[in-house]
Amino acid sequence: MEEVRVRFPPSPTGYLHIGGARTAIYNWLFAQKTGGKFVLRIEDTDIERSTEDSIKGILDGLEWLGITWDEGPYFQSAFANDHRRAAQKLVEIGDAYKCFCTQEELEQKREGAKKRKEDYHYDGTCRNLSADEVARLEAEARPYVIRFKVVRGPGGVVFQDAVYGVIEKRYRDIEDFVILRSDGSPLYVLSNAVDDIRDRITHVIRGQDHLANTPKQIMIYEALGEKLPRFAHMPLTLDPQKRKISKRAHGEVVSVQYYRERGFLPWALVNFLVLLGWSTSDNREIFSKEELIEAFSLEGINRANSVFDIRKDDPKFFTDPKAISINAHYLRTIKVEDLLPYVEAEMKAAGSWDPAFGTEKKSWFASTVDLIRSRYHTTKDFVNLGRCYFADDFPIEDKVLRKNILKHENLKLWLPLTADRLEVLEEFRVELIERVIRDLADELDVKAGILINGARAAVTGQAAGPGLFEVLAAVGKERVLKRLREVPKLYEE
RNA sequence: GGUCCCAUCGUCUAGUGGUCUAGGAUAUCGGCCUCUCACGCCGAAGACACGGGUUCGAGUCCCGUUGGGACUGCCA
C-alpha cells in the first residue's frame, strides 16, 4: 500500500495560531495513525509578509505542542523554479495562456460588473490570442500573467471530500484564474499544488476555507497528468461572534504562545484543540497521546464550524472555559513527576526557584505540588497562589486578614500560643498537628474552625487551600512557628 | 451579488428512521463531603432554527425559508 504523506504548510506571516495548530495536529495525528510521514513546508512565497521571527515562532510552537515532523521544514520560496516550469508546461500543452490585460483594465471591468450587479469573471480577452499576437505583445515587452484555461462547456469538477462528501463545481462558475504573476512568481493555487505533487502528498487535510479553491487545484493536477491526493477539509474555528479567528482581529488569545505563557500544559492544549471539530462516537474527551492516535480518524471530523469560546472580558476565564478545565484536569491527574518540570520552569521564569527543590528537597517539593494542585488551573498558579509554600514572603489577602484574623481579637494571643504548642512536637506530622490544635481549641473553649482558619490565614495568606494540617506539615515546623508568632504584628498595621 | 459549505443545550459534541419524554462534557445553580476552597459524588436548569413534504413513524431523508461561514485578488 502507498505510504501516507501529509503536510502542514503555514505561511509565516504571524505566530502560530490555534487554527493553524489544529490543522497541524490533525495532519500529525493522521500521519501517526497511518504510519505515514508528516511534512512541514513553510509557504514563504509572499516574501513581503514573511518574517524570520514568524518562522521561528511557528517551529517553536509546534515543538512545544509536541507536534513533530518527519520532513522539512521545506521553504516554498526555494522551489519557485518548479512553479514557473509548471506554469510554462501548462502553457505549452495548451492548458494555460499568457494574459496581457493590465490590472487597471481588470479593475475597471470588475467595477463595471459590480455597477451592473453582474458577477464578474475574467472575460477571456487573452484566451484566444493568436500566436502572432502573443509574439507581438511579448516583443513589446508587455507584462503578462499566466492564466489557467478552464474548460468552457458543460460539466465541472467533482471530487469526494473525506469530510464533506461529494463536492461539485461547474466549469462555468470558475474563471480563468491567474497562476503566475507578471513578475514571474507563482500564486498559491499553483505553488501549493506543485509542491504537493513534488512532496508526493497523498492526503490534503486543511481548513474548509480552502474548499472553494480545491477544484482549481484539481484542474492543475489533472492538466499536469498527476494523480490526485485525497482531500479532507476540516471545519473552521470561529469566535463567539462567528467570525473566523485571526491574529489580527483577536490578538494574543488565539496564539499558541499565549497558552504557553499562561501556564498551559502543551498536551492539554492539543487535547482541547483536537476536540474543536472532531469527536469519537463514544464521546470521550480526555486522551493520552497514544489513545488519541489510536482514536483519531478523518471520519470523526465534524462538518459544522465550531466556536472557540473566548471569554475576553470575563474576569473568571482568560480563554475558553473548556480549555481551562482540560488543563486543570491534566494538572491534577498526570503523574506528579511529569508535572514537576513544568512547575520548575514556571518558578525559574518567575525567579522563585530554589535549586534544592530539585535535589535534597525534591520529594518534599513533589508532595507539596501534589497537595496543592487539585485547585489550580494553570502552572502559573504554582508560583502565584503557591508562593506561601515555596517562599518566605507571600501576600496576605486583605479580606482574609480581616475575616479570619482581625475579626477575632483573641487570635492575637491564640495563634502564637498555637505555635508554642506545636513547637514541642518532635515530629511535625499531620495527625500530631491536628491533635495539638484540636486539643488547644477545646482547652480555650473555641470552635476549632476559628483556630484553623486563623492559622490558615496567617500561614498561607489565603482563605482557601488544602486541609490546614496538611498545609502546616507541608510548610514545615520552623516556618509555621515563625508565621504564627508574627500574627500580633498584623494587628498593628 | 455569485459559487460552495454548514445548522442539536451558552460553548464543544453524541445521535446515520422507531430504543430521543434527545445522551455526555464544559460553564451555571443546588446538595453531599468538610476546618476553608478545590477535587470527587449526587441533583437541577438548559438544545434538535423555521416551514413544508416523504414515511405507519423524522433530530435523523427531500425541498424551501431563515441564519451563519468560506471563497469570489497578479494574499496564502
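Naming: A, B, ... by sequence-line order, numbering from 1 per chain.
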- prompt: For the residue pair Y188(A) and H210(A), is the inter-centroid distance of their aromatic rings smaller than 6.0 Å?
  reply: yes

Judged by nearest nucleotide, the residue sitting upstream toward the 5' end of RNA chain B, E168(A) or S191(A), is E168(A)

Sort me out a list of protein N/O and nucleotides 20-24 of chain B N/O pairs below 3.5 Å, or just none if empty.
residue	atom	partner	partner atom	Å
rG23(B)	N2	N283(A)	ND2	2.1
rG24(B)	N2	E285(A)	OE2	3.2

Heavy atoms only, 4.0 Å cut-off, all strands: where does L468(A) land among base, sugar-phosphate and nothing? base

Polar-atom pairs under 3.5 Å, protein N or O versus N or O of nucleotides 39-42 of chain B: list them with distances, or write none.
residue	atom	partner	partner atom	Å
rC39(B)	O3'	R332(A)	NE	3.4
rG40(B)	OP1	R332(A)	NH2	3.3

Residue set satisfying side chain to side chain donor-acceptor pair (under 3.5 Å) with R438(A), at least two apart, ordered chain then number -> E434(A)

Within residues 180-187 of chain A, those residues having any heavy atom closer than 4.0 Å to RNA chain B are R181(A), S182(A), P186(A), L187(A)

Assign each of F317(A) and G467(A) the nucleotide of RNA chain B bearing its closest heavy atom; nearer the 5' end lies the nucleotide of F317(A)

D314(A) meets the side chain to side chain donor-acceptor pair (under 3.5 Å) criterion, sequence neighbours left out, with R311(A)

Considering only heavy side-chain atoms of D119(A), the closest of rC6(B), rG69(B), rG1(B) is rG1(B)

Sorted by chain and number, sequence neighbours left out, ring-ring contact (aromatic ring centres under 6.0 Å, His included) with F394(A) holds for none

Within residues 447-463 of chain A, those residues having any heavy atom closer than 4.0 Å to RNA chain B are I452(A), N453(A), R456(A), A463(A)

- Can you establish whether the number of heavy atoms outside E52(A) located under 6.0 Å from its atom CD is more than 12? no

Sorted by chain and residue number, the side chain to side chain donor-acceptor pair (under 3.5 Å) partners of R206(A) (sequence neighbours excluded) come out as N192(A), T214(A), Q217(A), H233(A)

Listing time: all N or O pairs from protein to nucleotides 64-68 of chain B that are below 3.5 Å?
none

| request: Would you please indicate yes or no on a ring centroid separation below 6.0 angstrom for F308(A) and F272(A)? | output: yes

>> With a 6.0 Å cut-off on the ring centroids, do Y26(A) and W278(A) count as close?
In response: no

Original post:
Should the pair R284(A)-D282(A) be classified as a salt bridge under the 4.0 Å nitrogen-to-oxygen rule?
Top reply: yes

Nucleotide N/O to protein N/O under 3.5 Å, stretch nucleotides 60-63 of chain B:
none

Contacts satisfying side-chain hydrogen bond (donor to acceptor under 3.5 Å, both in side chains) that involve residues 447-469 of chain A (not counting sequence neighbours) are none

R230(A) meets the salt bridge (Lys or Arg N to Asp or Glu O under 4.0 Å) criterion, sequence neighbours left out, with none

Handout entry: Pair R429(A) + E470(A), salt bridge at N-O below 4.0 Å
Key = no

- Query: Hey, do the aromatic rings of W267(A) and Y259(A) have their centres closer than 6.0 Å?
  - Reply: no

